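Structure first, commentary second.
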Amino acid sequence: MDYKTRRTRVMEAMPQGSLALFFSGKAPVRSLDEAYPFSVNRNFYYLTGLDREAMTLALIKNGDHVQSVLFIEPFDPLQARWVGGRMKPEEAQQQADVNAVYPKDEMLDFIHRQMKLNRGNRRMSVGLDLAKESWEEPDDAAHQFAGHIRQHYPSVDLVNLHAALAQLRMIKDEDELNLMRQAQEATITAVKVMMRHCAPGINETELEGVFDFALMKQGVREHAFPTICASGANATILHYSRNNELIEDGDLVLCDLGGAIGHYCADITRTYPANGRFTQRQKQIYDIVLEGQRRVIAAIRPGRTLRQLNQVLVDFYGEQLAAIGLLEQGMTVRDYYFHSVSHHLGLDTHDVNIANLPLAAGMVITVEPGLYLEAEGIGIRIEDDILVSETGAVNLSEKLPHTTEEIETFMNKGE
């Protein structure tokens with residue numbers, strides 16, 4: 001990974017003499033001396049390749065040069081005996097390809113020196129990743145540090161670099177695509193094992209466990225997101241999470257899942273009959289969803305937007321659902337399909353994006369049409385991960401069975 005180039009490009013959004021800070025994060029305490037599992041801030045990881053707690057990356061823009069400094073906690077030999085040692089400065093410097101590594105407790109003095117260097121020369125700017133999904137979301141290290149800057153340096157301009165990072169991350173380089181392909185292969189292998197194991201009478205939890213074990217047998221421990229394993233009417237709940245009911249004969253099973261390698265995600269959904277055979281009604285609805293997916297994939301090309309792709313599906317559903325009598329008595333497509341057909345995929349499952357930005361070569365998106373007939377206990381979603389190319393679309397998860405015939409053949413021990 002070319003972290004140095006990434007850092008230079010993100011600082012293009014900043015004026016000369018400016019400073020930017022990125023924080024790796026820290027796992028919150030769960031109870032007493034137990035913490036939640038650590039998950040590195042993905043933008044910090046994108047710029048450094050480091051997957052460690054309590055680190056800070058500082059970038060200083062001077063002309064065409066971007067100086068990079070990493071602040072880390074000192075190596076503790078006692079801690080190393082208990083949980084493993086913190087990364088040593090020379091290891092961090094080599095892996096992240098930064099100019100210098102300093103102890104974390106020197107960071108504030110370093111920042112103050114940068115402020116003094118710019119005093120009287122220009123208005124100082126400090127860049128931070130200040131994205132939030134909700135105002136109720138707790139402040140992370142970047143938001144906390146923004147408060148520190150406002151208090152101690154009120155004349156400084158704060159610049160939100162989230163959009164600049166999103167624009168970079170939306171286009172995957174070849175190293176990123178290789179990791180995503182590996183995540184696809186591992187997930188596809190595990191999904192096939194899970195499908196073959198499925199049978200009426202087992203619990204959704206068991207099926208989830210089969211997928212987890214099949215991933216681990218490949219050396220993959222990281223999940224892109226918590227697995228959805230929903231049978232029967234549970235599949236009409238978009239983000240069903242209990243995964244704890246018995247699978248009945250005649251049920252469809254909807255599994256939305258993905259492994260991750262190097263934090264790069266796969267996100268695949270398959271819906272299949274627990275007993276290996278679709279009913280005629282299940283097949284009818286499944287075939288509408290599958291044709292909708294084909295049409296959306298065929299519409300993918302640089303310049304299109306996710307909103308336009310979603311409209312392709314809504315228009316198709318309008319024709320098909322009317323033809324089979326599902327749009328009577330004031331019912332609309334949105335009564336059976338209430339999400340969007342695509343999202344970006346990468347270091348996050350619902351990856352960074354800029355609203356309605358046209359697609360470009362190198363982006364990876366999902367295509368996941370679904371239909372949810374609550375009254376009939378039928379929920380169907382088919383999801384594949386698509387690389388946008390100069391000429392159209394490349395399906396990264398095409399090796400999994402798609403059609404009802406392929407699924408029935410596979411589940412009944414065919415290939």
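Predicted model, so just to flag it, every value in this text is computed and none were measured.
- Among residues at least two apart or in separate chains, side chain to side chain donor-acceptor pair (under 3.5 Å) pairs with a member in residues 22-40 are S39-R42.
- Scored by the salt bridge (Lys or Arg N to Asp or Glu O under 4.0 Å) test, K399 finds E185 as partners (sequence neighbours excluded).
- Annotation: salt bridge (Lys or Arg N to Asp or Glu O under 4.0 Å) contacts involving residues 243-255, sequence neighbours excluded, comprise R242-E245.
- Every pair tested for side chain to side chain donor-acceptor pair (under 3.5 Å) that includes a residue from residues 87-97 fails, sequence neighbours excluded, so the list is empty.
- The salt bridge (Lys or Arg N to Asp or Glu O under 4.0 Å) analysis of residues 297-312, with sequence neighbours excluded, yields no pairs.
- Within the structure, salt bridge (Lys or Arg N to Asp or Glu O under 4.0 Å) pairs that include any residue of residues 314-341 do not occur (at least two apart or interchain).
- Not counting sequence neighbours, H402 has no partner by the ring-ring contact (aromatic ring centres under 6.0 Å, His included) test.
- Partners of H197 according to the side-chain hydrogen bond (donor to acceptor under 3.5 Å, both in side chains) rule, which considers only residues two or more places apart in sequence or in another chain, are E206.
- R6 meets the side-chain hydrogen bond (donor to acceptor under 3.5 Å, both in side chains) test with D173; sequence neighbours excluded.
- Pairs engaging residues 266-283 under the salt bridge (Lys or Arg N to Asp or Glu O under 4.0 Å) rule: R270-D384, R277-E408, R281-E376, K283-D287, K283-E405 [sequence neighbours left out].
- The side-chain hydrogen bond (donor to acceptor under 3.5 Å, both in side chains) check on Y46 picks up nothing, with sequence neighbours excluded.
- The side-chain contact (heavy atoms from CB on, under 4.5 Å) test applied to A27 returns A35, F38, E53, not counting sequence neighbours.
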